[in-house]
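Let me begin by presenting the structure, written as structure tokens, before commenting on it.
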Amino acid sequence: MKTKGRKKDKVNIVTLGCSKNLVDSEVMLTQLKGNQIDATHESAQDEANVVIVNTCGFIDNAKQESIDTILRYADAKQEGQIEKLYVTGCLSQRYKDDLEQEIPEVDAFFGTLELPLLLKKFNANYKHELVGERITTTARHYAYLKIAEGCDRPCSFCAIPLMRGKHVSQPIENLVKQAETLARNGTKELLLIAQDLTYYGLDIYRKRRLADLLRRLSDVKGIEWIRLHYAFPSGFPMDVLDVMAERSNVCNYLDMPLQHGSTRMLKLMRRGITREKTEQLLSEIRNKIPDIALRTTLIAGHPGETEEDFAQMLEFVEQTQFDRLGIFAYSHEEGTHAFNMADDIPEEVKQERVNQVMEVQELISWKKNQQKIGKTLQVLVDRKEGGYFIGRTEADSPEVDNEVLIPAQENYLRLGDFARVTITDASEFDLFGTVAQPAHLDRHIISDDTRKTTPSQNPTV
């Protein structure tokens with residue numbers, strides 16, 4: 001059998017889109033390396049002869065970024081800089097036939113659940129013994145934990161079910177095993193993600209089991225923060241709040257995409273909830289966890305949105321005073337329920353509405369940050385950049401939320417450690433501080449609530 005002279009592949013994985021895609025890329029990286037294939041994630045060295053682009057197909061901007069990235073590597077292939085180009089992920093799942101015709105330079109396209117087929121291109125097999133193992137590409141001290149795949153919700157604007165399929169929960173035991181492995185490798189913060197955390201367990205246990213999962217994960221030695229992302233408001237399991245109140249390492253943080261503040265629009269969006277019920281839910285959450293940091297996302301310009309509907313959304317934002325908020329212009333997506341409606345809001349109007357909401361939120365965020373000046377907060381140090389150590393409080397998730405900037409010349413910190421930081425100044429989306437001398441630590445965001453025990457801290461100074 002001839003093997004002499006065959007060049008060994010070097011693979012570079014390029015990830016686009018959300019944190020759920022990032023987890024998929026990490027699993028892919030683990031499987032490739034488990035098959036003794038030289039693979040990296042977003043390497044800057046340009047040494048790879050094979051590139052795998054893990055695409056996003058959620059909205060127009062994301063789709064365009066994915067297409068532009070594929071075309072860039074298609075050009076690199078034509079110029080002889082790489083030998084093979086494979087494309088996977090949501091865009092590939094949704095538009096495979098069209099992409100094959102339009103970009104023939106790509107050697108093969110794969111859907112979101114076709115990793116075993118992709119591995120065969122390298123004469124590799126999907127190794128079941130590696131399930132639960134993952135080479136993370138984030139900073140060593142935090143990692144995303146995807147607890148479910150897909151979604152059963154009928155939201156009018158969303159193409160996720162078309163690309164990711166029905167909701168499938170991962171068993172609790174599997175997730176605990178993953179968390180234990182991550183903790184042994186230095187992970188201190190778990191960021192729980194799914195298209196819909198609220199639905200967790202219904203498909204495999206016949207009841208919502210997010211609270212049970214949280215208890216099990218909070219018992220994992222070494223995990224000091226657990227953060228919840230993407231909880232659907234309708235059917236939210238309130239026993240999750242009991243765990244949040246009881247367990248010191250379950251962050252007082254909840255990311256709950258609400259999408260609008262008008263009952264009429266929520267009905268058009270097929271969200272299964274009214275503004276009144278939303279407000280009642282948020283009130284109950286804040287009563288149970290008074291210092292909780294609430295993050296949400298909204299959509300401006302959905303078909304049928306009137307000026308009155310938008311005014312109600314602005315009023316909702318002003319009234320609710322979210323700690324963190326993002327808003328997107330509606331994207332008209334083929335195959336969704338809303339695609340049957342007229343995309344009747346001009347793009348410039350959509351963007352104007354986005355800007356108006358963010359102007360309101362900037363003021364809210366500035367006022368909330370001003371209240372933190374003089375307080376001493378627990379901060380997890382993520383990186384050093386531009387003369388600052390940069391970290392996050394319990395109220396902040398990586399990349400999407402506020403950051404704390406600590407002058408590096410005046411303070412010595414270790415990345416991945418917790419530090420007690422006294423806030424000295426604040427802007428709309430950043431806090432500035434200095435390492436505190438030993439003193440009482442405000443465990444929570446703007447209160448001295450001591451219902452929970454402060455998580456253990458490693459030496460930082």
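These numbers were taken from a predicted model, which means no experiment stands behind them.
Once rounded to the nearest 0.5 Å, the distance linking NZ of Lys63 with OG of Ser331 reads 5.5 Å. With rounding to the nearest 0.5 Å, the separation of CE in Met265 from CG in Leu298 is 11.5 Å. Once rounded to the nearest 0.5 Å, the distance linking CG of Asn125 with CG of Asn35 reads 6.5 Å.
Donor-acceptor pairing under 3.5 Å is recorded for the side chains of Ser156 and His302. Between the side chains of Gln280 and Glu276, no donor-acceptor pair of N or O atoms lies under 3.5 Å. A donor and an acceptor atom, one from each side chain of Arg184 and Thr181, are located under 3.5 Å apart. Counting only N and O atoms by type, the side chains of Asp60 and Gln64 include no donor and acceptor under 3.5 Å apart. In this model, no donor atom of one side chain and acceptor atom of the other lie less than 3.5 Å apart for Lys20 and Tyr144.
At most 12 heavy atoms of other shown residues, nucleotides or ligands fall within 6.0 angstrom of atom NZ in Lys177. The number of heavy-atom neighbours closer than 6.0 Å to CD of Glu399, taken from other residues, nucleotides and ligands shown, is 12 or below. In the displayed structure, Gln409 atom CD is contacted under 6.0 Å by at most 12 heavy atoms of other residues, nucleotides or ligands.
Between the side chain of Ser283 and the main chain of Glu279, no donor-acceptor pair closer than 3.5 Å is present. With hydrogens and angles disregarded, a donor-acceptor distance shorter than 3.5 Å links the side chain of Thr296 to the backbone of Leu258. With Arg275 contributing its side chain and Leu266 its backbone, the two residues share no donor-acceptor pair below 3.5 Å. Remark: the backbone N or O of Thr434 is not paired with any side-chain donor or acceptor of Glu410 at under 3.5 angstrom. No donor-acceptor distance shorter than 3.5 angstrom exists from the side chain of Arg164 to the backbone of Thr112, with no hydrogens or angles considered. With hydrogens and angles disregarded, a donor-acceptor distance shorter than 3.5 Å links the side chain of Asp323 to the backbone of Leu294. Ser169 places no side-chain N or O within donor-acceptor distance of the main-chain N or O of Asp203, the cut-off being under 3.5 Å. Of the possible donor and acceptor atoms, one in the side chain of Asn12 sits under 3.5 Å from a partner among the backbone N and O of Glu42. In this structure, the side chain of Arg94 does not engage the main chain of Gly111 through any donor-acceptor pair within 3.5 Å. The closest donor-acceptor contact from the side chain of Asp430 to the backbone of Ala426 lies at 3.5 Å or more, if one exists at all.
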Ring pair (Phe, Tyr, Trp, His ring centres under 6.0 Å) between Phe322 and Phe316, worked out:
CA-CA 10 Å; Phe322 292 101; Phe316 177 62; 5.7 Å; yes
Check the pair Phe110 / Val87 against side-chain contact (heavy atoms from CB on, under 4.5 Å), numbers first and verdict last.
CA-CA 6 Å; Phe110 301 92; Val87 174; over 6 Å; no
Please test Glu173 against Arg216 for salt bridge (charged side-chain N to carboxylate O under 4.0 Å, His left out), starting from the C-alpha separation and ending with a verdict.
CA-CA 9 Å; Glu173 296 301 329; Arg216 293 290 303 279; 2.9 Å; yes
How far apart are the C-alpha atoms of Lys33 and Glu133, what are their side-chain angles, what is the distance that settles it, and do they pass the salt bridge (charged side-chain N to carboxylate O under 4.0 Å, His left out) test?
CA-CA 11 Å; Lys33 283 184 171 291; Glu133 302 289 329; over 6 Å; no
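For the side-chain contact (heavy atoms from CB on, under 4.5 Å) with Leu145, the qualifying choice from Leu217, Ile223, Ile193, Leu191 is Leu217, the only one to do so. Evaluated for a side-chain hydrogen bond (donor to acceptor under 3.5 Å, both in side chains) with Ser25, the options Asn54, Thr137, Thr88 yield exactly one hit, Asn54.
Shown here are the ring-ring contact (aromatic ring centres under 6.0 Å, His included) partners of Tyr230, two or more places apart in sequence or in another chain: there are none. Here Leu314 pairs with Phe310, Gln356, Val357, Val360 under the side chain to side chain contact (heavy atoms under 4.5 Å, CB included) rule; sequence neighbours left out. Scanning for side chain to side chain contact (heavy atoms under 4.5 Å, CB included) contacts around Asp401 gives Tyr253, Arg295, Arg324, Asp396, Ser397, with sequence neighbours left out. With sequence neighbours excluded, the residues that form a salt bridge (charged side-chain N to carboxylate O under 4.0 Å, His left out) with Glu47 are Lys10. Applying the side chain to side chain contact (heavy atoms under 4.5 Å, CB included) criterion to Tyr388, with sequence neighbours excluded, gives Ile390, Leu405, Pro407. Arg140 meets the side chain to side chain contact (heavy atoms under 4.5 Å, CB included) test with no other residue; sequence neighbours excluded.
No salt bridge links Lys166 with Glu149; every basic N to acidic carboxylate O contact stays at or beyond 4.0 Å. A salt bridge links Arg227 to Glu189: one of the charged nitrogens lies within less than 4.0 Å of a carboxylate oxygen. Using a cut-off of 4.0 Å between Lys/Arg side-chain N and Asp/Glu carboxylate O, Lys221 and Glu180 are scored as not salt-bridged. Using a 4.0 Å cut-off between charged side-chain N and carboxylate O, Asp417 and Lys188 make a salt bridge. A salt bridge is absent between Lys146 and Glu26: the closest approach of a Lys/Arg side-chain nitrogen to an acidic carboxylate oxygen does not fall below 4.0 angstrom. Salt bridge Glu428/Lys368: absent, no basic N to carboxylate O contact under 4.0 Å. A salt bridge links Asp219 with Arg247: at least one charged nitrogen is closer than 4.0 Å to a carboxylate oxygen.
For an aromatic pair to be called close, the ring centres must be under 6.0 Å apart, and Phe339 with His337 fails this. Ring to ring, Phe122 and Tyr86 are close: their centroids are under 6.0 angstrom apart. Ring pair Tyr200/Phe232: centre-to-centre distance not below 6.0 Å.
Using a 4.5 Å heavy-atom cutoff, the side chains of Leu241 and Phe236 are in contact. The shortest side-chain heavy-atom distance between Met244 and Asn252 falls under the 4.5 Å cut-off. Contact annotation: the side chain of Val27 approaches that of Leu115 to within less than 4.5 Å [non-hydrogen atoms, C-beta and beyond]. At a threshold of 4.5 Å between non-hydrogen side-chain atoms, the residues Ile423 and Leu377 count as touching. Using a 4.5 Å heavy-atom threshold, the side chains of Trp225 and His141 count as separate.
Seen from the ring of Phe389, Lys384 counts as a face-on cation partner, given the 6.0 Å and 45° thresholds.
When all heavy atoms are compared, the tightest approach of His167 to Ala148 is CE1-CB, 3.4 Å. Closest of all the heavy-atom pairs between Arg134 and Ala143 is NH2-CB, 4.0 Å. For the pair Ile160 and Cys151, the tightest heavy-atom approach, listed with the atom from each and the gap, is CG2-CB, 4.4 Å. Scanning both residues, Ile299 and His260, for their nearest heavy atoms gives O-CD2, 3.6 Å. Residues Val381 and Ala419 approach most closely at CG2-CB, 4.3 Å, considering heavy atoms. Smallest separation of non-hydrogen atoms from Gln361 and Val317: OE1-CG1, 3.9 Å.
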